[in-house]
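Following: one structure in structure tokens, then a few remarks.
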There are 2 protein chains.
Amino acid sequence: MWRREEDVTKARVTVIDIAKAAGVSKSTVSLVLQGSSLVNEGTRAKVNAVMRELGYVYNRGAANLRQASAKSRIIGVVVNDLTNSFFAELAVGVDMVVQSAGFVQFLSNTSESIDRQREVVASMREHGISGLIVSPARATDAADFKPLVAAGIPVVVVVRNLPGAKVSSVVSDNQAGMMSAVKHLAELGHKRIAFLGGFPDTAVFDDRLAGYRSGIEAAGLDCQQELVISSAPSRAGGVEAIGKAIVLADKPSAAVCFNDAVAFGVCDGLRARRLEPGSDFAVVGFDDVIEAQAAVPALTTVSVDPQGIGRRGAQLLLKQINAGKAEAETVITAVRLVVRESCGARKSVKIETGL
Amino acid sequence: MWRREEDVTKARVTVIDIAKAAGVSKSTVSLVLQGSSLVNEGTRAKVNAVMRELGYVYNRGAANLRQASAKSRIIGVVVNDLTNSFFAELAVGVDMVVQSAGFVQFLSNTSESIDRQREVVASMREHGISGLIVSPARATDAADFKPLVAAGIPVVVVVRNLPGAKVSSVVSDNQAGMMSAVKHLAELGHKRIAFLGGFPDTAVFDDRLAGYRSGIEAAGLDCQQELVISSAPSRAGGVEAIGKAIVLADKPSAAVCFNDAVAFGVCDGLRARRLEPGSDFAVVGFDDVIEAQAAVPALTTVSVDPQGIGRRGAQLLLKQINAGKAEAETVITAVRLVVRESCGARKSVKIETGL
DNA sequence: TGACAGAATTGGAACGTTCCAAATATTTAA
DNA sequence: TTAAATATTTGGAACGTTCCAATTCTGTCA
């Protein structure tokens, strides 16, 4: 009964241990830690050497106790579905700029649950985040982030904006994107173009629908209510929506979809009715998820660069953190229509060999 | 020049404010915070009410100063490529169990850079993580996590094991997976089966190659060195590898690939030579990434359930955190061959309508 | 009524850092 | 050689919590 594991060095090494070993005061060590120019070069060198030797690890928790929350260098990131490559890319974009600014990222997944979201945000707050980037779960209350900003913690909303909330946001140009999709279909000769999928109670839906309407008008077509069919913004929702569209007395010959998932569902639904997407019915998506390119037929869609959104959002947040407190600001990132096969413009399969 | 924003309540509300307002001592408030059974029901209720009223937010940093690092309830997660849906799924799996255990996840991306990895791990340590889950960057030194475990911080390595490091790990059954892939191809009548892609200096490569060899032997074929062609584990690597395989004097008719990315590259390379994957040459991948199903031809591959690995890893880690300190333990998760089209077993395209 | 047990509460002293005002060492200028 | 200026260093006192030992309440039992 003789325990070998009974380690001699149980306590962790602190700034005081360093001070003692280097023959200076703890204040000096602290100064070195902060890279202050007040300390003599020789002293700095010796202190650093001792730190390395004793294996010192900085205790940020203790430091944060003394400093403002803005200096914790933690930024919280909450997304609604990390499984979706769109959001994974977004998180990577955030991580890139956050990491190179010497911050570290707290990432959580809400799975579109508003309760989960509340929990993780509360938890992040307890941990003293310097700022928050959030792609809000559906039906998030605009006032939900009020306490955060009241406490001086900058918040940046990405992807889905939160009308009414006084926070910064970075969203893609949903309106212009949808408009260009409609324009493209009209140029291909389509006269009846449907808008399929999405939940009508979201800001993104409103924007995309508005873009659809502008596009229809710009093409000199008339905008008919029956051609707008909402559904869940998922593959299943797409199947459902095309099912309703196809039984209309005056059938559409093309559709712009709320997002790529819906577009894939629409393709499924078409094929279930022996119609080939692309040749028999034109479909265009939105988002340009990673699968869009490899699908058959390859999906024509509006590409939004989620990683760019992540980067922009993080930059905006860091700016606000450094500025102490900045105004709410909105940035809209550009999108671009990428024409593949599902709209019927190109027939042949092009193999894109990965580089 | 009259600033309205000059808030009256600048200081944050602390446990002492609560104590004062509730007419008890800070110790009592602390007891309530910890859900101690020592405190009277009435007192607890009043304290809780006051907390809500004053908008108290717990300061975990301060608490951690007093308590062991094991109680910080932060667990660090580092992956090498979040863009890859495999790792995104893994992170989601971790998040699920970590979150429901009341922990919060620090997630970072190393982009396969060993320096980045060192940085983020150091940063996480400074923040006082209770444990670490890491999918190590290539060429990670087994001794790299030594200081962590010496400091009593449990580490679980996932996906890629680190032979020699005395840490727990959760990896998929690479050997059995590869073996079943080879067996399947052999049953389809293939006599010359190549092993394509992957870097030979990794543990995962060794495991998969070993599985390949066992499979070849089990099928009564002979194992020829020229049929093992390594390359970068990427799409480009796959193109390169099949390029070398196809010029062999005695050509293979099928290949198992190091992973799905390589398999896609192999398909690209075949087509560039007017060979159709599936009918002219059988290819099977490994991982079952999300694109495998939607590709043309749909990829036959070994499915590994990254989310499951994430969950298992998190469970293992939490167990060790709670136990104070547990032995290093290795768990190997099961894999399963999913037969699609690229191996030539099934010719027809099946539309899988999303549910 | 007093003594005692148990329940509930409480005042410090940590924890590891930063910050401030003040002290000391070193140069420079006269 | 000395005063002034500059460069460097330094003790406390925070920060917001937890923990310990000690205290004050309740009843309860003799």
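Chain letters run A, B, ... following the sequence lines, proteins first and then strands; every chain starts at 1.
Annotation: salt bridge (Lys or Arg N to Asp or Glu O under 4.0 Å) contacts of A/E41 (sequence neighbours excluded): A/R44. With sequence neighbours excluded, the residues forming a salt bridge (Lys or Arg N to Asp or Glu O under 4.0 Å) with B/R118 are B/D144, listed by chain and number. With sequence neighbours excluded, no residue forms a salt bridge (Lys or Arg N to Asp or Glu O under 4.0 Å) with B/D81. Applying the salt bridge (Lys or Arg N to Asp or Glu O under 4.0 Å) criterion to B/K146, with sequence neighbours excluded, gives no partner residue. The side-chain contact (heavy atoms from CB on, under 4.5 Å) test applied to B/T14 returns B/I16, B/D17, not counting sequence neighbours. Considering only residues two or more places apart in sequence or on other chains, B/S123 meets the side-chain contact (heavy atoms from CB on, under 4.5 Å) condition with A/V104, B/H127.
When side chains are defined from C-beta on, A/V171 does not count as touching A/T333, because their heavy atoms never get closer than 4.5 Å.
Boundaries of the chain B contact region on DNA chain C are C/dA8 to C/dG16, first to last in 5' to 3' order (nucleotide atom under 4.0 Å from a heavy atom).
Under 3.5 Å, the side chains of A/S168 and A/Q320 contain a donor-acceptor pair of N or O atoms.
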Could you go over nucleotides 23-28 of chain D and give all protein N or O partners under 3.5 Å, atom names and distances?
none

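A side chain to side chain contact (heavy atoms under 4.5 Å, CB included) with B/D95 holds for exactly one of B/Q307, B/Q105, B/R311; it is B/Q105.
Heavy-atom distances under 4.0 Å link DNA chain C to A/Y56, A/Y58, A/N59, A/A62, A/A63, A/L65 of residues 51-65 of chain A, given in residue order. Less than 4.0 Å separates DNA chain D from at least one heavy atom of each of the following residues of residues 29-47 of chain A: A/L31, A/L38, A/V39, A/N40, A/T43.
The side chain to side chain donor-acceptor pair (under 3.5 Å) pairs that include a residue from residues 155-164 of chain B are B/E112-B/R160, where partners are two or more places apart or lie in different chains.
Axis orientation changes by 50° from one end of the helix from C/dT1-D/dA30 to C/dA30-D/dT1 to the other, with each end axis drawn from 5 pairs and the value rounded to 10°.
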